[in-house]
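Everything numeric in this text was worked out from a predicted model, so none of it was measured. Values below: all heavy atoms of this structure, side chains included; hydrogens, waters and symmetry mates excluded.
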Amino acid sequence: MPALQSYHTFALDTHCDKMMIITDPSELKQVDFTQPFCVLGEGSNTIFTASYHGTVLIIANKGMRVEEREQAWLLHCEAGENWHDLVQKTLVLNMPGLENLALIPGNVGAAPVQNIGAYGVELAQFVEYVEGFNLITGKTQKLSSEQCEFGYRDSVFKHQLKGQFIITRVGLSLPKLWQPNLSYGPLQQLDKPTPQQVFDAVVAVRQSKLPDPAVLANCGSFFKNPILPRDQVEQLLALYPTMPSYDVDADNKKVAAGWLIEQAGLKGFAIGDIAVHDKQALVLVNRGQGTAQQLLAMVEHIQHTISDKFGVYLEHEVRLMDEQGEFHVRSHHESA
């Protein structure tokens with residue numbers, strides 16, 4: 001059984017029945033999709049909590065082609081490209097726009113599934129199309145940005161097309177008229193920055209808060225920032241005036257999950273070798289010998305504590321897999 005420890009950045013000691021490394025999308029036609037399978041990029045948003053009874057497909061096709069248009073650059077990016085490398089490449093080619101999304105781990109193909117976002121920018125702003133292999137038809141299919149149904153850390157790939165569509169290429173449109181997005185905290189101090197200066201600032205902030213998975217095993221932000229009705233946020237702000245909150249729409253606001261976890265006194269808290277990172281409470285780390293049992297106990301403990309203290313349920317952003325496939329941890333305190 002192939003070992004999975006080096007294929008997911010949380011590095012739990014697990015295995016799978018079979019592994020296939022896909023370097024050309026046409027190879028997907030050879031896969032028997034009637035049997036259990038799991039699609040993996042760089043494994044930075046997936047944790048295997050047990051040995052998986054199925055085939056793990058590693059998406060590893062590489063390449064990027066640039067098409068110039070009157071108003072924008074259109075980048076045709078293969079799904080196996082490393083995301084951060086792509087962001088760096090666009091700046092070298094003088095095609096800015098993605099710099100706020102620097103240092104987000106993972107590959108290009110995984111980016112639309114999560115609709116990755118950081119520092120006031122979301123991937124959805126740039127997606128022109130997502131191309132992939134449709135398991136139902138056995139054919140290549142191209143979806144427009146609208147068909148991807150992007151939301152906060154959400155897309156059609158987590159819902160109607162879940163388990164039915166494997167992303168093989170992403171088309172990104174970068175407007176030639178560049179304007180920096182400096183809406184987020186530390187970036188507001190920048191004065192008329194170049195794209196490279198925005199990139200450098202984002203990298204510096206991320207490196208100061210987020211541990212390098214190669215040094216300390218982790219999956220980045222573990223929980224989603226909860227989106228709550230405005231009246232609930234107002235009630236919380238009356239009790240906790242310093243709580244960060246951000247407008248989502250007319251009815252809802254987003255609050256910072258990391259702040260809630262820190263206020264609950266859980267920063268640095270550990271169960272065995274699984275710990276809440278001492279610099280960023282939104283990150284859970286595996287100090288080396290962490291087990292799935294310790295991780296699941298930690299997730300439930302955090303959910304339980306935040307629910308008790310703030311009346312807020314935290315949903316994990318990271319994909320958790322067991323023998324049979326994906327599952328969700330929901331502490332018994334969760335309100336229906």
Enquirer: Using a cut-off of 6.0 Å, state whether more than 12 heavy atoms not belonging to Gln188 lie near its atom CD.
Expert: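 Check passes, neighbour count above 12.
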Enquirer: If we only count heavy atoms from C-beta on, is the His8 to Met321 side-chain gap below 4.5 Å?
Expert: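 When only atoms from C-beta onward are counted, Met321 and His8 do not touch, as no gap falls below 4.5 Å.
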Enquirer: Show the nearest heavy-atom pair for residues Asp249 and Asn252, with the distance to one decimal.
Expert: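 Closest heavy-atom pair between Asp249 and Asn252: OD1-N, 2.8 Å.
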Enquirer: According to a hydrophobic-cluster definition based on side-chain heavy atoms being under 4.5 Å apart (Ile, Leu, Val, Met, Phe, Trp, Tyr only), do Ile59 and Phe33 belong together?
Expert: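 Yes, it is one cluster - the side chains of Ile59 and Phe33 are joined through contacts under 4.5 Å.
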Enquirer: Would you say Ile47 and Ile274 are hydrophobically clustered, going by side-chain heavy atoms of ILVMFWY under 4.5 Å?
Expert: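 In one cluster: yes.
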Enquirer: More than 12 non-hydrogen atoms from neighbouring residues, nucleotides or ligands closer than 6.0 Å to NZ on Lys18, yes or no?
Expert: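 Open: at most 12 neighbouring heavy atoms sit under 6.0 Å from NZ of Lys18.
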Enquirer: May I ask whether Ile271 and Leu216 are part of the same hydrophobic cluster, defined by side-chain heavy atoms of I, L, V, M, F, W, Y residues being less than 4.5 angstrom apart, directly or through others?
Expert: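 Ile271 and Leu216: separate clusters.
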Enquirer: Any chance you could measure Asp322, atom CG, to Thr14, atom OG1, to the nearest 0.5 Å?
Expert: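 Separation between the atoms: 11.0 Å.
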Enquirer: At what distance, to the nearest 0.5 angstrom, does CZ of Phe10 lie from CG of Leu295?
Expert: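 Nearest 0.5 Å value for the CZ-CG distance: 5.0 Å.
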Enquirer: Taking Gln294 for its side chain and Asp273 for its backbone only, find out whether a donor-acceptor pair lies under 3.5 Å.
Expert: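 Present.
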Enquirer: Please find the pair of heavy atoms, one from Arg319 and one from Cys38, that lie closest to each other, and give the distance.
Expert: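 Minimum heavy-atom separation between Arg319 and Cys38: NH2-SG, 3.8 Å.
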Enquirer: Check whether any side-chain N or O of Trp83 sits under 3.5 Å from a backbone N or O of Ala110 as a donor-acceptor pair, and report yes or no.
Expert: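 A pair under 3.5 Å: no.
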Enquirer: Side-chain contact test, heavy atoms from C-beta onward, threshold under 4.5 Å: evaluate it for Cys77 versus Leu86 and give yes or no.
Expert: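 Side-chain contact under 4.5 Å: yes.
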Enquirer: For the pair Leu98 and Leu172, evaluate side chain to side chain contact (heavy atoms under 4.5 Å, CB included) and give the outcome as yes or no after the intermediate values.
Expert: CA-CA 10 Å; Leu98 302 177; Leu172 300 173; 4.2 Å; yes
Enquirer: Around Phe37, counting heavy atoms of other residues, nucleotides and ligands shown, do more than 12 lie under 6.0 Å from its CZ?
Expert: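 Result for CZ/Phe37: enclosed.
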Enquirer: Let's go through Lys254 and Tyr152 carefully: what are the C-alpha distance in whole Å and the side-chain angles of both, what is the deciding distance for side chain to side chain contact (heavy atoms under 4.5 Å, CB included) to 0.1 Å, and is it a yes or a no?
Expert: CA-CA 10 Å; Lys254 184 166 67 178; Tyr152 170 63; 3.6 Å; yes
Enquirer: So Phe133 and Pro25, do their side chains get closer than 4.5 Å, heavy atoms only?
Expert: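 Not touching, per the 4.5 Å side-chain cut-off.
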Enquirer: Report the distance from atom NE2 of His84 to atom CG of Asn107, rounding to the nearest 0.5 Å.
Expert: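 His84 atom NE2 to Asn107 atom CG measures 14.5 Å (nearest 0.5 Å).
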Enquirer: Donor-acceptor check, side chain of Asn218 to backbone of Pro211, threshold 3.5 angstrom: yes or no?
Expert: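 A pair under 3.5 Å: yes.
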Enquirer: Keeping the roles fixed (side chain from Asn100, backbone from Asn181), state whether a donor-acceptor pair exists under 3.5 Å.
Expert: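 Present.
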Enquirer: To the closest 0.5 Å, what do you measure between NZ (Lys176) and CZ (Arg69)?
Expert: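 Going from NZ on Lys176 over to CZ on Arg69, the span is 11.0 Å.
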Enquirer: Could you tell me how the ring of Phe269 sits relative to the ring of His301: parallel (under 30°), tilted (30 to 60°) or perpendicular (over 60°)?
Expert: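 Answer is parallel, since the angle falls under 30°.
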Enquirer: Asn115 side chain to Glu122 main-chain N or O, any donor-acceptor pair under 3.5 Å?
Expert: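 It does not hold such a pair.
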Enquirer: Report the distance from atom CG of Leu75 to atom CD of Glu128, rounding to the nearest 0.5 Å.
Expert: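 Going from CG on Leu75 over to CD on Glu128, the span is 11.0 Å.
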Enquirer: Spell out, as yes or no, whether a donor-acceptor pair under 3.5 Å connects the side chain of Glu81 to the backbone of Gly63.
Expert: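 It does hold such a pair.
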Enquirer: If you count heavy atoms of other groups shown closer than 6.0 angstrom to CG of Leu177, is the number above 12?
Expert: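 Open: at most 12 neighbouring heavy atoms sit under 6.0 Å from CG of Leu177.
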Enquirer: Mind checking whether Phe223 and Val299 have side chains closer than 4.5 Å, heavy atoms only?
Expert: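 They are in side-chain contact.
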Enquirer: Return yes if a side-chain donor-acceptor contact under 3.5 Å exists between Asp231 and Gln235, otherwise no.
Expert: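 The criterion, which ignores hydrogens and geometry beyond distance, is not satisfied for Gln235 and Asp231.
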Enquirer: Using the side-chain hydrogen bond (donor to acceptor under 3.5 Å, both in side chains) definition, which of the options Lys158, Lys224, Arg153 pairs with Gln114?
Expert: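 Of the listed options, the one satisfying the test is Lys158.
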Enquirer: I'd like to know if Leu103 and Val198 are part of one continuous hydrophobic network [Ile/Leu/Val/Met/Phe/Trp/Tyr, side-chain heavy atoms within less than 4.5 Å].
Expert: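 As far as the 4.5 Å side-chain criterion goes, Leu103 and Val198 are not connected within one cluster.
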Enquirer: Heavy-atom distance under 4.5 Å between the side chains of Tyr119 and Val121, does that happen here?
Expert: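 With C-beta onward as the side chain, the pair stays apart.
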Enquirer: I'd like to know whether CD of Gln30 has more than 12 heavy-atom contacts from other residues, nucleotides or ligands below 6.0 angstrom.
Expert: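 Atom CD in Gln30 is crowded, with more than 12 foreign heavy atoms closer than 6.0 Å.
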Enquirer: Can you give me the closest heavy-atom contact between Leu266 and Val276, atom names plus distance?
Expert: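 Closest pair (atom of Leu266, atom of Val276, distance): O-CB, 3.2 Å.
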Enquirer: Check whether Gln5 reaches the backbone of Ala11 with its side chain - one donor and one acceptor, N or O, closer than 3.5 Å.
Expert: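 Indeed, once roles are kept as given, a pair shorter than 3.5 Å links the two residues.
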Enquirer: Measure the shortest side-chain to side-chain distance between Thr9 and Pro105 over non-hydrogen atoms and say whether it is less than 4.5 angstrom.
Expert: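 Result no, sub-4.5 Å side-chain heavy-atom pair not found.
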Enquirer: Has Gln197 got a side-chain atom pairing as donor or acceptor with Thr194's backbone, closer than 3.5 angstrom?
Expert: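 Looks like yes, one N/O pair under 3.5 Å.
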Enquirer: Considering non-hydrogen atoms only, spot the tightest contact between Phe150 and Ser155 and give its length.
Expert: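 Looking at all heavy atoms of both residues, the closest pair is CD2-CB, 3.9 Å.
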Enquirer: Is a donor on one side and an acceptor on the other found under 3.5 Å between the side chain of Gln303 and the backbone of Leu314?
Expert: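 Looks like yes, one N/O pair under 3.5 Å.
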Enquirer: Working to the nearest 0.5 Å, report the span between CG of Leu57 and CE of Met20.
Expert: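 Atom-to-atom, Leu57:CG and Met20:CE are 6.5 Å apart.
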Enquirer: Under a 4.0 Å N-O cut-off, is there an ion pair linking Arg169 with Glu78?
Expert: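 Yes, Arg169 and Glu78 are salt-bridged.
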Enquirer: Let me check something: do Val233 and Ile227 share a hydrophobic cluster, defined by ILVMFWY side-chain heavy atoms less than 4.5 Å apart, either directly or through other members?
Expert: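 No, separate clusters.
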Enquirer: Could you give me the CA-CA distance, side-chain angles and deciding distance for Glu99 and Val202, then say whether side chain to side chain contact (heavy atoms under 4.5 Å, CB included) is met?
Expert: CA-CA 8 Å; Glu99 53 284 334; Val202 168; over 6 Å; no
Enquirer: How are the rings of Tyr129 and His76 set to each other: parallel, tilted or perpendicular (split at 30° and 60°)?
Expert: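 Answer is tilted, since the angle falls between 30° and 60°.
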Enquirer: Dump the intermediate steps for side-chain hydrogen bond (donor to acceptor under 3.5 Å, both in side chains) on Asn82 and Glu42, then the final yes or no.
Expert: CA-CA 8 Å; Asn82 174 274; Glu42 295 186 356; 3.1 Å; yes
Enquirer: Give the minimum heavy-atom separation between Thr34 and Asp32, together with the two atoms involved.
Expert: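 Scanning both residues completely, I find the closest heavy atoms to be OG1-OD1, 2.5 Å.
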Enquirer: So do Leu237 and Glu234 actually touch side chain to side chain, heavy atoms under 4.5 Å?
Expert: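 Yes. Closest side-chain heavy atoms under 4.5 Å.
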Enquirer: Determine the interplanar angle of the Tyr52 and Phe48 rings, folded into 0 to 90°, and report it as parallel if under 30°, tilted if 30 to 60°, perpendicular if over 60°.
Expert: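 Correct class here is tilted.
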Enquirer: Are any non-hydrogen side-chain atoms of Glu315 and Tyr313 less than 4.5 angstrom apart?
Expert: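 Yes, at least one pair of side-chain atoms sits under 4.5 Å.
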Enquirer: How close do Cys219 and Thr46 get, heavy atom to heavy atom, and via which atoms?
Expert: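 Heavy atoms only, the tightest pair is SG-O, 4.0 Å.
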Enquirer: Carefully, step by step, assess Phe165 and Leu143 under the rule side chain to side chain contact (heavy atoms under 4.5 Å, CB included).
Expert: CA-CA 11 Å; Phe165 193 92; Leu143 302 176; 4.0 Å; yes
